[in-house]
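Side chains are part of it too, since the values below use all heavy atoms of this structure and drop only hydrogens, waters and symmetry mates. Because the structure is predicted, anything quoted here is derived from the model rather than measured.
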Amino acid sequence: MKYPLTQLSILLAIALVWGCAHAASGDARREAKLQAALDTVIEDYPFIINASAAVRVGKDGFTWQGGAGLADPAQNEAMTGDHLVRTASVAKAFGATVALRLMEEGKLQLEQPVHAVLDDEDLPEGISVAD
């Protein structure tokens, strides 16, 4: 079944979270299920050139990043989890939702400075919480 792009984004997010939470034990099986979810998006929706995702589960320390499709179609360069992607304004909605959920759970206060929540190792290389 084909879905509109906004519904597809939500379904992909749910699939990634489900895959991470319900995959059999072992990082290799989790990684395979998450990568399969990304690959399915590219296969089912040919107008989507590439997709990337990252998952970090704090309670068991699982981290994964992956990509599917082509980062540069002209060069036939495969998309990986390391490629930078312009997310535009959609990141604001996801960020706000996560922040408000963390606030509901008592894990975040909206007035907290960034350095009280994140360490430099949580950020991309070259960015510091002091910036």
Side-chain angles (χ1 to χ4, degrees):
M1 171 181 278
K2 303 276 183 176
Y3 295 95
L5 195 52
T6 53
Q7 288 179 339
L8 176 64
S9 298
I10 293 167
L11 289 173
L12 178 59
I14 291 169
L16 289 171
V17 169
W18 181 90
C20 193
H22 293 91
S25 63
D27 289 351
R29 297 253 342 235
R30 280 185 184 177
E31 291 172 2
K33 285 186 176 245
L34 291 166
Q35 186 61 51
L38 277 181
D39 292 339
T40 298
V41 170
I42 297 300
E43 292 167 11
D44 289 351
Y45 297 89
F47 60 89
I48 297 177
I49 297 169
N50 56 43
S52 67
V55 175
R56 182 175 180 186
V57 181
K59 68 180 176 180
D60 67 4
F62 176 76
T63 59
W64 171 84
Q65 61 186 32
L70 297 174
D72 184 352
Q75 300 294 320
N76 203 30
E77 179 184 353
M79 183 71 171
T80 69
D82 294 325
H83 281 95
L84 296 179
V85 179
R86 184 176 180 273
T87 59
S89 292
V90 72
K92 294 174 193 171
F94 285 113
T97 301
V98 169
L100 292 173
R101 291 296 307 240
L102 289 171
M103 188 185 78
E104 285 178 348
E105 294 173 10
K107 298 176 181 175
L108 177 73
Q109 296 175 5
L110 292 182
E111 301 299 321
Q112 275 181 300
V114 172
H115 63 81
V117 181
L118 297 176
D119 294 324
D120 283 343
E121 70 246 14
D122 294 321
L123 301 172
E125 187 175 327
I127 298 176
S128 171
V129 293
D131 292 342

(request) Measure the spacing between NE2 of His83 and CG of Leu70 and express it to the nearest 0.5 Å. (result) 10.0 Å

(message) Working to the nearest 0.5 angstrom, can you tell me the gap between Lys92 NZ and Thr97 OG1?
(response) 13.5 Å

(message) Could you tell me if the side chain of Arg30 sits less than 4.5 Å from the side chain of Trp64, heavy atoms only?
(response) no

(message) Contact between Leu102 and Glu105 at the side-chain level, heavy atoms closer than 4.5 Å - yes or no?
(response) yes

Might you point out which heavy atoms bring [X] and [Y] nearest each other, and give the distance in Å?
X: Met79; Y: Ala51; value: CG-O, 3.6 Å
X: Ser52; Y: Thr80; value: CB-O, 4.1 Å
X: Leu100; Y: Leu110; value: CD2-CD1, 4.3 Å
X: Val41; Y: Ile48; value: CG1-CD1, 3.8 Å
X: Thr63; Y: Glu31; value: O-OE2, 4.3 Å

(message) I'd like to know if the side chain of Gln109 reaches the main chain of Met103, judged simply by a donor and an acceptor atom lying under 3.5 Å from each other, with no hydrogens or angles considered.
(response) no

(message) Around atom CD of Gln75, are there more than 12 heavy atoms from other residues, nucleotides or ligands closer than 6.0 Å?
(response) no

